[in-house]
Amino acid sequence: MAFALSESNAVGYLLGEGLISPRQAGSASARELGGGVSNIVVRVDFPDTSDNVVIKQSLPRLRVEQEWLADQARIHREAAALRYLDGALPSSALPSVVHEDPNHFLFVMTAAEQPRTWKDDLLSGLIDTRVATEVGRLLAAMHQHSAVAGEAMPPELREFADQRCFVQLRIDPYHRATALAHPDLSDEIAAEAQAMLDCRLCLVHGDYSPKNVIVSPTDRGPAAFLLDFEVVHLGNPVFDLAFMLNHLTLKAIHRPDLASQFNEAGIAFWSVYCSNAETFAAEPMQLQFQTIRQLGVLLLARIDGKSPAEYITTDAQRSAARHLARTILAEEIRSISDLHQALLS
């Protein structure tokens with residue numbers, strides 16, 4: 001990567017691109033945020049103004065123990081998704097694209113008012129079902145807005161039809177890597193992977209998780225601000241549903257004393273999604289079964305895939321997650337109710 005974004009050069013980059021004035025550059029401060037394993041993310045703040053920005057650059061090799069490569073051009077699909085969803089979701093729910101740089105695989109976007117994520121709250125024991133409700137409502141709005149009817153794909157969605165990035169960032173490191181670790185489950189895992197690849201029903205976020213939700217208090221309750229659309233693609237809405245529920249499930253395994261509260265958050269998320277995504281929730285029991293099956297694979301993947309959950313730290317927790325995943329894939333758990341009962345047992 002010819003230009004590697006950092007705290008030390010972020011302000012200079014903005015100045016060089018003509019995005020800020022020398023006066024703004026003189027008073028600006030930059031700090032690197034948690035870009036996960038796949039990006040460099042730097043926030044630039046300006047005193048006495050709310051025009052703060054975030055610069056995000058994709059990495060060609062992800063920062064994990066095993067080799068994990070991905071096309072850096074995914075950053076431009078993310079920017080395209082934000083532009084596409086502008087107006088479909090509340091303006092308070094998404095960053096706006098300020099500048100895009102195809103030569104350096106980065107873009108600049110507006111910054112959220114505060115950096116605290118829903119993941120931070122959940123891991124600290126603050127489990128607010130109102131946030132889960134808002135997250136479910138926003139996901140339903142995104143899926144409904146981008147729903148593809150029949151064979152006719154709207155022109156504005158065609159650029160998201162290529163699923164290569166989804167394969168590189170999810171199917172390969174999650175499904176296929178996990179199948180290698182559990183060869184006796186390879187057929188079941190392969191079937192779930194194929195179910196995610198066989199259809200292009202709507203715009204799928206691909207990383208719809210608590211770490212990508214910033215929560216802000218408002219007079220009407222907590223508001224959610226969505227981040228990290230780098231795995232966005234046209235695909236199966238089940239993936240986003242299972243991905244979010246998997247994170248709540250993992251946290252219930254991490255904090256069994258709070259399992260009932262995580263279950264309540266999962267129910268709130270699921271219920272409001274089904275109430276607002278009529279295109280995809282017309283047969284709720286079938287949708288629920290498909291979601292739980294996919295969750296089983298994702299649960300196992302966060303233990304034995306290329307991106308293990310960092311807060312699942314003990315052998316007992318890993319064993320509990322593996323057992324639950326295998327029980328799901330054996331179809332002994334077929335619903336959210338079954339899942340929640342297992343987490344409380």
Whichever hydrophobic residues join Leu344 through chains of side-chain contacts under 4.5 Å |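 Once heavy-atom contacts under 4.5 Å are chained together, Leu344 still belongs with nothing else.
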Which one of Val42, Leu106, Asp228 satisfies the side chain to side chain contact (heavy atoms under 4.5 Å, CB included) criterion with Lys56?
->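 Of the listed residues Val42, Leu106, Asp228, the side chain to side chain contact (heavy atoms under 4.5 Å, CB included) partner of Lys56 is Asp228.
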Member of Pro95, Pro90, Ser216, Ser92 meeting the side chain to side chain contact (heavy atoms under 4.5 Å, CB included) criterion with Phe225 |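 When Pro95, Pro90, Ser216, Ser92 are each tested with Phe225, the side chain to side chain contact (heavy atoms under 4.5 Å, CB included) holds only for Pro95.
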salt_bridge(Lys119, Glu310) N-O dist < 4.0 Å =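 Looking at Lys119 and Glu310, the cut-off is met.
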Is it true that Asp304 and Arg318 make a salt bridge, defined as a side-chain N closer than 4.0 Å to a carboxylate O?
->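 Answer for the salt bridge query: no.
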Nearest non-hydrogen partners of [X] and [Y], listed with the distance:
X      : Y      : value
Met142 : Val204 : CE-C, 4.3 Å
Glu17  : Asp101 : OE2-OD2, 4.3 Å
Pro210 : Met244 : CD-SD, 3.6 Å
Ala28  : Val44  : CB-CG1, 4.0 Å
Ile333 : Ile292 : O-CG2, 3.7 Å
Asp207 : Asn212 : O-ND2, 2.8 Å

Within the distance-only criterion (no hydrogens, no angle test), does the side chain of [X] pair as donor or acceptor with the backbone N or O of [Y] below 3.5 angstrom?
X      : Y      : answer
Ser345 : Ala342 : yes
Gln24  : Ser21  : yes
Asn52  : Phe46  : yes
Gln57  : Phe3   : yes
Tyr208 : Val135 : yes
Gln288 : Ser335 : no
Gln317 : Thr313 : yes
Glu230 : Ile75  : no
Arg77  : Phe160 : yes
His205 : Leu227 : yes

Without hydrogens or angle criteria, can the side chains of [X] and [Y] be said to hold a donor-acceptor pair below 3.5 Å?
X      : Y      : value
His76  : Glu100 : yes
Thr327 : Glu332 : no
Thr117 : Asp120 : yes
His175 : Gln194 : no
Arg326 : His182 : yes

Is there side-chain contact between [X] and [Y], with at least one heavy-atom pair below 4.5 Å?
X      : Y      : answer
Ile20  : Val11  : yes
Pro222 : Trp118 : no
Asp86  : Leu94  : no
Val53  : Leu19  : no
Arg302 : Ser307 : yes
Phe229 : Leu85  : yes
Leu197 : Val167 : yes

Exceeds 12 heavy-atom contacts within 6.0 angstrom, atom NE2 of His145 |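 Counting other residues, nucleotides and ligands, NE2 of His145 exceeds 12 neighbours.
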For Arg164, look at atom CZ and say whether over 12 heavy atoms of other residues, nucleotides or ligands are found less than 6.0 Å away.
->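 No, CZ of Arg164 has 12 or fewer neighbouring heavy atoms, counting only those of other groups under 6.0 Å.
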Pairs meeting criterion salt bridge (Lys or Arg N to Asp or Glu O under 4.0 Å) with involvement of residues 130-140, two or more places apart =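 Qualifying pairs: Asp128-Arg130, Glu134-Arg137.
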side-chain hydrogen bond (donor to acceptor under 3.5 Å, both in side chains) pairs, two or more places apart, involving residues 232-244 =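 Counting only pairs at least two positions apart or across chains, the side-chain hydrogen bond (donor to acceptor under 3.5 Å, both in side chains) contacts touching residues 232-244 are His143-Asp240.
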Should the pair Phe243 and Tyr174 be assigned to parallel (<30°), tilted (30 to 60°) or perpendicular (>60°) ring geometry?
->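 Taking Tyr174 first and then Phe243, their aromatic rings sit tilted (interplane angle of 30° to 60°).
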